[in-house]
Amino acid sequence: MIQRPRGTRDFGPSEMETRRYFESMMRSICLAHGFREVQTPTFEHTELFTTKSGPGIIDEIYAFKDKGDREICLRPELTAPVIRFFINDLTNYPRPLKLFYFGPCFRYERPQAGRFREFYQFGAEVIGSSTPEMDAEVIGLAASMLEATGLQDYRIRIGHIGILRSLLAEAGVAGDAALPILQKLDKKLYDEATPLMKGAGMSDDGIEKVIRTTQISGPIDVLKDYEGEAKVYLEEVFDILQHYGFRNLQVDLGVVRGLAYYTGVVFEVDAPKLGAEKQICGGGAYSLSELFGGEKVHSTGFGIGFDRTLIALDKEGSLPMKVRLQAYVVPVGESTRSKACEITAMLRKGGISADMDLMRRNMGKNFKYADAVGAEKVIIVGEKELETGSVNVRDMASGTQTMVSIEGLISYLGHAKS
RNA sequence: GCCGCGAUGGGGUAGCUUGGUCAUCCUGUGGGACUGUGGAUCCCUAGACUCGCGUUCAAAUCGCGAUCGCGGCCCCA
């Protein structure tokens with residue numbers, strides 16, 4: 001027996017129905033927000049990701065040399081490929097350019113609950129500028145998508161790295177020097193951040209203020225004691241989101257996302273039920289394109305961990321029903337088999353999901369099968385009924401049976417569908 | 001890459017401590033009782049000790065290693 005590779009999954013029919021259901025739900029919400037879908041290759045030049053995240057990530061991705069000696073890797077995320085695509089081919093589209101995507105990503109990491117080596121990411125980017133409206137649009141899209149899934153227990157936390165950065169800058173720690181400190185603060189490793197800040201020449205007062213700031217969270221008025229551009233900006237973003245009708249959002253200045261290319265608003269969503277791997281969404285405003293050799297353009301985007309979102313929904317017991325077969329066609333005997341084929345074909349052309357007996361089983365077994373696969377109706381094709389051009393339609397839930405003419409069958413089943 | 005726990009038919013399990021009949025039971029699959037009517041019941045059939053090495057007269061059971069999964073670290077979605 002050949003096992004599937006570590007950290008990968010097979011998805012059975014019911015699982016795929018669920019996955020496709022949520023995938024198309026999210027897709028239609030993106031379309032409703034005026035985003036358009038793109039798709040990029042599943043593998044890229046390794047350089048794309050090392051440029052974005054540093055050489056260290058090679059340890060965590062599927063990277064290899066192809067037969068032409070090129071450094072290739074399976075994509076670990078989708079923001080970098082989309083920005084690459086933008087620089088390569090989409091720079092002349094009207095802005096803001098609003099894109100979304102869905103697809104598998106790969107990471108070479110130790111699998112555990114909610115973490116796989118192949119996982120699916122659904123995400124969106126708005127490319128073009130940096131305004132509160134744009135950031136609010138993106139956060140609003142993420143919030144709408146999660147809301148639509150019916151997920152109950154999750155928190156959307158929004159911060160702005162400008163607030164911490166300016167505090168550090170005031171204390172004389174600016175630019176790249178601030179990065180290692182921000183990374184520690186992101187993980188709430190104060191014991192490690194403090195010596196770094198001391199080493200950078202910051203006063204005890206300054207250090208304390210920085211640490212206190214990362215612990216600020218709650219409704220927007222927790223910002224009232226702060227001032228500066230970033231604070232005003234964040235308030236504007238919240239104001240717009242209020243007008244969009246979102247209420248379940250909170251400020252959390254501890255959301256730092258310690259990566260160099262984030263420039264402004266940053267946000268994360270987590271579902272506490274998931275344990276260690278609880279983050280289901282992350283994003284923010286960033287500036288990446290110039291790193292890849294393009295013009296400098298501001299963007300805001302996010303990625304949703306599709307698998308984790310489904311796991312969270314499953315834990316809440318709110319994964320939906322299975323898709324049901326509308327009609328199962330049973331020929332009563334040898335003599336009506338070909339007529340049953342005709343009827344099945346007719347139903348399928350008429351948009352009714354239909355299946356028929358392929359195993360030449362007797363009636364009793366066929367009913368058991370129809371029940372087991374959850375068919376709504378069984379169409380009984382027998383000689384007696386055919387004499388009047390009709391078939392018997394049995395409703396599997398109620399057990400009631402109705403004679404329906406073959407011509408009227410599609411509209412009968414179509415109405416019964418509701 | 002690190003620490004800990006685990007792995008028995010498709011799914012769920014008993015057996016493992018204290019090695020010793022044909023490996024337990026439930027469910028699901030296929031067939032039959034039921035040659036024009038399901039969800040019940042009964043019968044039959046097929047189906048498993050993750051893999052390798054070792055200890056032993058004898059290993060599902062004990063030891064080592066690998067693989068995979070789970071909880072966490074790292075990292076991150």
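Chain identifiers are assigned alphabetically (A, B, ...) following the order of the sequence lines, protein sequences preceding nucleic acid strands; residue numbering begins at 1 within each chain. All values below were derived from every heavy atom in this structure, side-chain atoms included, with hydrogens, water molecules and symmetry-related copies excluded.
The ring-ring contact (aromatic ring centres under 6.0 Å, His included) contacts involving residues 110-150 of chain A comprise A/Phe100-A/Phe122, A/Phe102-A/Tyr120, A/Phe102-A/Phe122, where partners must be two or more places apart or lie in separate chains. For residues 30-39 of chain A, the set of pairs meeting the side-chain hydrogen bond (donor to acceptor under 3.5 Å, both in side chains) definition, not counting sequence neighbours, comprises A/Arg27-A/Glu37.
The side chain to side chain contact (heavy atoms under 4.5 Å, CB included) with A/Asn366 is formed by just one residue from the set A/Val330, A/Asp371, A/Val332; it is A/Val330. For the side chain to side chain contact (heavy atoms under 4.5 Å, CB included) with A/Pro81, the lone residue among A/Tyr101, A/Phe49, A/Phe86 that qualifies is A/Phe49.
For the atom pair A/Met346 CE and A/Ile410 CD1, the distance stands at 4.5 Å (nearest 0.5 Å).
With rounding to whole Å, A/Glu77 atom CD is found 8 Å from B/A77 atom P. Here B/C73 presents its P atom at 15 Å from CD of A/Glu60, a figure rounded to the nearest Å. Whole-Å rounding puts the A/Asp357 CG to B/G30 P distance at 12 Å. Atom pair A/Lys278:NZ and B/G72:P shows a separation of 11 Å (rounding to whole Å applied). Counting to the nearest Å, the P atom of B/G30 and the CG atom of A/Leu358 are 12 Å from each other. When the C1' atom of B/G31 is taken as reference, atom CZ of A/Arg360 falls 17 Å away, rounded to whole Å. Taking atom CG on A/Asp186 and atom C1' on B/A77, their separation rounds to 14 Å, with Å as the unit. A straight line from CE of A/Met145 to C1' of B/A77 spans 13 Å, rounded to a whole angstrom.
Among the protein residues, A/Arg9 comes within range of no part of the nucleic acid, since none of its heavy atoms lies under 4.0 Å from any strand. Heavy atoms of A/Ala276 sit under 4.0 angstrom from primed sugar atoms or phosphate atoms, though from no base atom. Within the 4.0 angstrom heavy-atom criterion, base atoms lie near A/Gly114. Nucleic acid contact for A/Gln112: base, since at least one base atom lies under 4.0 Å from a heavy atom of the residue. Nucleic acid contact for A/Phe116: base, since at least one base atom lies under 4.0 Å from a heavy atom of the residue. A/Cys105 comes within 4.0 angstrom of no nucleic acid atom, judged by non-hydrogen atoms across all strands.
Between A/Glu334 and A/Arg337 there is a salt bridge, since at least one side-chain N of the basic residue sits less than 4.0 Å from a carboxylate O of the acidic one. Using a cutoff of 4.0 Å between basic side-chain nitrogens and carboxylate oxygens, A/Arg19 and A/Glu15 are not scored as salt-bridged. The pair A/Lys365-A/Asp357 does not meet the salt-bridge criterion, since no charged nitrogen lies less than 4.0 angstrom from a carboxylate oxygen. Using a cutoff of 4.0 Å between basic side-chain nitrogens and carboxylate oxygens, A/Asp307 and A/Arg9 are scored as salt-bridged.
Checking B/G30, B/A77, B/G71 against every side-chain atom of A/Ala113, the shortest atom distance belongs to B/G71.
If you take atom C1' in B/U13 and the same atom in B/G6, they sit 15 Å apart, rounded to whole Å. With C1' as the reference atom, B/C75 and B/U29 are 43 Å apart, rounded to whole Å. On the C1' atoms, B/U17 is 26 Å away from B/G9, given to the nearest whole Å. Rounded to whole Å, the C1' atom of B/C49 lies 11 Å from the corresponding atom of B/A59. Remark: the separation of the C1' atoms in B/A14 and B/G1 is 38 Å, to the nearest Å. Separation of the P atoms belonging to B/C57 and B/C74 is 50 Å when rounded to the nearest angstrom. Straight-line distance between the C1' atoms of B/G11 and B/C51: roughly 22 Å, to the nearest whole Å. B/A60 and B/A7 are spaced 15 Å apart, taking the P atom of each and rounding to whole Å.
RNA chain B is contacted by both A/Leu274 and A/Gly282; A/Leu274 maps to the nucleotide lying nearer its 5′ end (nearest heavy atom per residue).
Side-chain atoms of A/Thr214 and A/Tyr190 form a donor-acceptor pair, as typed in the model, at a separation below 3.5 Å. A donor-acceptor contact closer than 3.5 angstrom is absent between the side chains of A/Glu316 and A/Tyr154. A/Gln401 and A/Arg394 share a side-chain donor-acceptor pair at under 3.5 Å.
Applying the side-chain hydrogen bond (donor to acceptor under 3.5 Å, both in side chains) test to A/Asp69 and every residue at least two apart in sequence or in another chain returns nothing.
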Could I get a table of every N or O pair under 3.5 Å where one atom is in the protein and the other is in nucleotides 1-11 of chain B?
from	atom 1	to	atom 2	distance (Å)
B/C2	N4	A/Arg110	NE	3.1
B/C3	N4	A/Arg110	NH2	3.2
B/G4	O6	A/Arg110	NH2	3.4

Sub-3.5 Å pairs of nitrogen or oxygen atoms, protein against nucleotides 33-39 of chain B:
from	atom 1	to	atom 2	distance (Å)
B/G36	O6	A/Glu383	N	3.4
B/G36	O6	A/Lys384	N	3.1
B/G36	N1	A/Glu385	OE1	3.0
B/G36	N1	A/Glu385	OE2	3.3
B/G36	N2	A/Glu385	OE2	2.3
B/U37	O2	A/Arg394	NH1	3.1
B/U37	O2	A/Gln401	OE1	3.0
B/U37	N3	A/Gln401	OE1	3.2
B/U37	N3	A/Gln401	NE2	3.0
B/U37	O4	A/Gln401	NE2	3.2
B/G38	N7	A/Arg394	NE	3.3
B/G38	N7	A/Arg394	NH2	2.9
B/G38	O6	A/Arg394	NH2	3.4
B/G38	N1	A/Met396	O	2.5
B/G38	N2	A/Asp371	OD1	3.0
B/G38	N2	A/Met396	O	3.1
B/G39	N1	A/Met396	O	3.4

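Applying the 4.0 Å criterion to OP1 and OP2 of B/C68, one finds that A/Arg6 has a side-chain N or O inside that range.
Under the 4.5 Å side-chain criterion, counting only non-hydrogen atoms from C-beta, A/Met134 is in contact with A/Ser129.
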Dot-bracket encoding per residue of RNA chain B, Watson-Crick/G-U cut-off under 3.5 Å, | denoting interstrand | (((((((..(((.......[....)))..((((.......)))).....(((((..]....))))))))))))....

